[in-house]
Amino acid sequence: MGTGQLVELSRRLRAAGGTRLQQNMTRRVRRAAEPLQKDLQRAIRTVPLPGAGRTKRGGPSPTSRPFRVMLAGGVRISVRQGASAGARVWMDKSRLERKARNVPWQIESGRLRHPVFGNRRRWTNQTPPPGWWSRTVRAGMPRMNAEIQRIVGDVRRDLE
């Protein structure tokens with residue numbers, strides 16, 4: 001299913017005056033993307049973040065929310081209609097705390113470098129397995145594409 005087919009279907013929906021059909025299709029496309037969003041949220045909550053181990057030093061957490069919950073909350077879905085029709089699952093940096101905005105990409109690359117308990121004079125490295133995002137998306141895309149194909153087929157039948 002290509003973007004061109006979604007664009008053509010969106011035009012036909014508009015020409016048919018089917019705002020109800022458009023809303024229905026948008027809702028169903030969003031629902032098709034939700035399992036991938038949930039899988040990505042689960043992946044970031046469970047990715048192992050091995051470190052060098054704890055020392056005697058300690059301190060308060062530098063973020064105000066639990067770290068993994070904050071990262072999982074940044075995974076969003078957006079559904080577009082019109083010329084650039086489609087669904088997108090993405091990481092919304094504005095939902096992450098300022099100090100953690102690059103963390104999802106660092107975890108994806110397999111190297112998380114950060115200050116120890118917010119102490120910017122002492123840094124540590126953690127080595128999570130790389131690819132939490134790409135592996136999860138690759139595993140979830142066939143299911144999402146099959147669902148989108150089914151939705152487009154249903155809407156085409158409604159239009160005819």
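Along the sequence shown, residues carry numbers from 1.
- A donor-acceptor distance shorter than 3.5 angstrom exists from the side chain of Arg95 to the backbone of Gly73, with no hydrogens or angles considered.
- At least one side-chain heavy atom of Met141 sits under 4.5 Å from a side-chain heavy atom of Leu36.
- For residues 105-121, no residue pair satisfies the salt bridge (charged side-chain N to carboxylate O under 4.0 Å, His left out) rule, not counting sequence neighbours.
- Residues Ile107 and Leu71 are in side-chain contact: their nearest non-hydrogen atoms beyond the backbone lie under 4.5 Å apart.
- Residues Asn24 and Arg27 bring a donor and an acceptor atom of their side chains to less than 3.5 Å of each other.
- Atoms CG and CZ, from Asn145 and Arg150 in turn, are 13.5 Å apart once rounded to the nearest 0.5 Å.
- Distance check, rounded to the nearest 0.5 Å: CZ of Arg76 to CE of Met91 gives 11.5 Å.
- Criterion: ILVMFWY side-chain heavy atoms under 4.5 Å apart, direct or through other members. Under it, Val75 and Trp90 are not part of a common hydrophobic cluster.
- Atom CZ of Arg31 sits in a sparse spot, with 12 or fewer heavy atoms from other residues, nucleotides or ligands closer than 6.0 Å.
- Sorted by first then second residue, the salt bridge (charged side-chain N to carboxylate O under 4.0 Å, His left out) pairs that include residues 32-45, not counting sequence neighbours, are Asp39-Arg42, Asp39-Arg143.
- The minimum heavy-atom distance between Met144 and Ala87, with the atom names listed, is CE-CB, 3.9 Å.
- Taking each heavy atom of Pro129 and Pro48 in turn, the nearest pair found is CD-O, 3.5 Å.
- In summary, the side chains of Gln126 and His114 do present a donor paired with an acceptor at a separation below 3.5 Å, with no hydrogens or angles considered.
- Shown here for Met25 and Ile151, the closest heavy-atom pair between the two residues is CG-CG2, 4.1 Å.
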_side-chain contact (heavy atoms from CB on, under 4.5 Å) evaluation trace for Arg68 with Ile44_ = CA-CA 7 Å; Arg68 290 175 187 257; Ile44 195 64; 5.9 Å; no
_Candidate pair Glu97 and Phe67, rule side-chain contact (heavy atoms from CB on, under 4.5 Å), full reasoning_ = CA-CA 9 Å; Glu97 292 192 19; Phe67 185 64; over 6 Å; no
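- When Thr124, Leu49, Val47, Asn125 are each tested for a side chain to side chain contact (heavy atoms under 4.5 Å, CB included) with Leu112, only one passes: Leu49.
- Residues Ile148 and Val29 meet the side-chain proximity criterion, which asks for heavy atoms closer than 4.5 Å.
- No donor-acceptor distance shorter than 3.5 angstrom exists from the side chain of Trp132 to the backbone of Thr46, with no hydrogens or angles considered.
- When side chains are defined from C-beta on, Leu40 counts as touching Trp133, because their heavy atoms get closer than 4.5 Å.
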*Intermediate values then yes/no, side-chain contact (heavy atoms from CB on, under 4.5 Å), Val137 and Val89*: CA-CA 9 Å; Val137 168; Val89 180; over 6 Å; no
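- Between Arg157 and Asp154, some side-chain heavy-atom pair lies under the 4.5 Å cut-off.
- Taking the side chain as every heavy atom from C-beta outward, Met70 and Pro66 never approach each other to under 4.5 Å.
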